[in-house]
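Structure, as structure tokens:
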Amino acid sequence: MKNFLPSSLLALAALTLAAGPAAAERQPVLIELFASQNCNACPAAHRTLKAVQAEQGDNVMVLTWSVDYWDYLGTPDPMALPVASERQAAYADRLGVRAPYTPQSVYDGAKQCPATRRAAVDENIALRTAADRPGEVSVAVLPGNRFSLDGHTPAPAEVNLVEFLDAPANPTPMVHPVTRASTLGLWTGGHVSFSYDCEASCVAIVQAPNYGEVYATHRLK
């Protein structure tokens, strides 16, 4: 005697097989732009990444870091953060760039290109979207300015909180200019929750230590 599954169960089984076992949460590509108000090419980069964010939607997360090393050329950039220059210098060293430059864009801490070259920007987004990320990270927003991490990474990861301005609080031509960054702790895998303080908009970034590859990016607020 043959046994037949109801059509609803067959449909559910098909969806499960399509998703794969314990399918990982899809992560947006983190695009970090390093810029300055004293950089002549930066306005074009802001326009490029504004168009990219609008077209790509949730597939990308753009953050603009204002560096301070061009301040001697004009009025000091009021958005400049020392941590922005430190972060960019670490990326330049690890990615084999001769020296930091503006407007430089970095993709998941793994690829880089001038942000004015739209073809290169699109290529890096495509490469990172298709890449197999090391580890498996799931992020969940919890009540009361908390979020949780679950899963694993190849090695202990830094959990960073980055605060930025978003419309209508953003009066600049930049996409999500960063106003503050802090490290919440080191994550060694498993289910862990973190509390955070965020006055504007913010995103959690799970990243290999010393500004390594980005494992996960999740907007919190």
Same apolar cluster: V159 and V137, side chain cutoff 4.5 Å: yes

Please report the shortest heavy-atom distance between I125 and V29, naming the atom on each side. O-CG2, 4.0 Å

Interatomic spacing from CG in L220 to SG in C202 - rounded to 0.5 Å: 5.0 Å

Would E32 and R87 pass as an ion pair if we require N to O under 4.0 Å? yes

Would you mind reporting whether S193 and L142 have side-chain heavy atoms less than 4.5 Å apart? yes

Would Y72 end up clustered with M79 when hydrophobic side chains under 4.5 Å apart are linked, directly or stepwise? no

What I'd like to find out is whether the side chain of L165 reaches to under 4.5 Å of the side chain of S201, using heavy atoms alone. no

Could you give the distance from CG (L30) to OG (S105), rounded to the nearest 0.5 Å? 11.0 Å

Compare all side-chain heavy atoms of W70 with those of D77 and state whether any distance is below 4.5 angstrom. no

Could you please spell out the steps behind the side chain to side chain donor-acceptor pair (under 3.5 Å) verdict for E86 and Y91? CA-CA 9 Å; E86 177 186 334; Y91 280 150; over 6 Å; no

Is there a side-chain contact (heavy atoms from CB on, under 4.5 Å) between L184 and E158? Walk through the geometry before answering. CA-CA 8 Å; L184 300 181; E158 288 184 353; over 6 Å; no

Hydrogens and angles aside, do T153 and W187 bring a side-chain donor and acceptor to less than 3.5 Å of each other? no

So, taking the atom named OG in S195 and the one named CG in N145, what distance separates them when rounded to the nearest 0.5 Å? 8.5 Å

Mind running side-chain contact (heavy atoms from CB on, under 4.5 Å) on T64 and H176 for me, showing each step along the way? CA-CA 6 Å; T64 302; H176 302 153; 5.7 Å; no

Answer whether the closest heavy-atom distance between the side chains of P28 and D58 falls below 4.5 Å. no

If Ile, Leu, Val, Met, Phe, Trp and Tyr residues are connected whenever their side-chain heavy atoms lie under 4.5 Å apart, and connections chain through other members, are V214 and Y211 in the same group? yes

For V203 against H218, the heavy-atom pair lying closest together: CG2-O, 3.2 Å

Could you state the interatomic distance from CG (D71) to OG (S36), rounded to the nearest 0.5 Å? 6.0 Å

Side chains of T48 and R118: do they bring a donor and an acceptor to under 3.5 Å? no

Inspect the contact between R128 and E213 and indicate whether a charged nitrogen and a carboxylate oxygen are less than 4.0 angstrom apart. yes

Establish whether V206 and V141 are linked, either directly or via other cluster members, by ILVMFWY side-chain heavy-atom contacts under 4.5 Å. yes

Heavy atoms only: give me the nearest T172-N170 pair and the separation to one decimal. OG1-OD1, 2.7 Å

Atom OG of S138 and atom NE2 of H191: how far apart are they, to the nearest 0.5 Å? 9.5 Å

Can you confirm whether S66 sits close enough to L81 that some side-chain heavy atom of one is under 4.5 Å from a side-chain heavy atom of the other? no

side-chain contact (heavy atoms from CB on, under 4.5 Å), that's the test. Do L149 and F194 meet it? Break it down for me. CA-CA 8 Å; L149 297 180; F194 295 86; 3.7 Å; yes

Measure up the W65 and F34 rings against each other and bin them: parallel (under 30°), tilted (30 to 60°), perpendicular (over 60°). parallel

Quick check: closest heavy atoms across Y69 and S85, and the distance to 0.1 Å? CD2-OG, 3.7 Å

Could you go through Y107 and C113, starting from their C-alpha distance and side-chain angles, then the distance that decides it, and tell me whether this counts as side-chain contact (heavy atoms from CB on, under 4.5 Å)? CA-CA 9 Å; Y107 303 77; C113 70; 3.5 Å; yes

For the student: nearest non-hydrogen atoms of E163 and A200, plus distance: OE2-N, 2.8 Å

Using the side chain to side chain contact (heavy atoms under 4.5 Å, CB included) definition, which of the options M174, R219, R180 pairs with F164? R219

Measure from the side-chain N and O atoms of E123 to the backbone N and O of L127, and report whether any donor-acceptor pair falls under 3.5 Å. no

If hydrophobic clusters are built by linking Ile, Leu, Val, Met, Phe, Trp and Tyr wherever their side-chain heavy atoms come under 4.5 Å apart, do V121 and V62 end up in the same one? yes

Is any side-chain heavy atom of L186 closer than 4.5 Å to one of P156? yes

Side-chain donor-acceptor pair under 3.5 Å between Q27 and Y215, yes or no? no

Kindly give the heavy-atom pair with the smallest separation between T116 and A44, and that separation in Å. CG2-CB, 4.0 Å

So, do Q37 and T75 sit near enough that their side-chain heavy atoms are less than 4.5 Å apart? yes

Flag the pair L33 / L63 as yes when at least one side-chain heavy-atom distance between them is below 4.5 Å, and no otherwise. no

N/O donor-acceptor pair under 3.5 Å between K111 side chain and V106 backbone: no

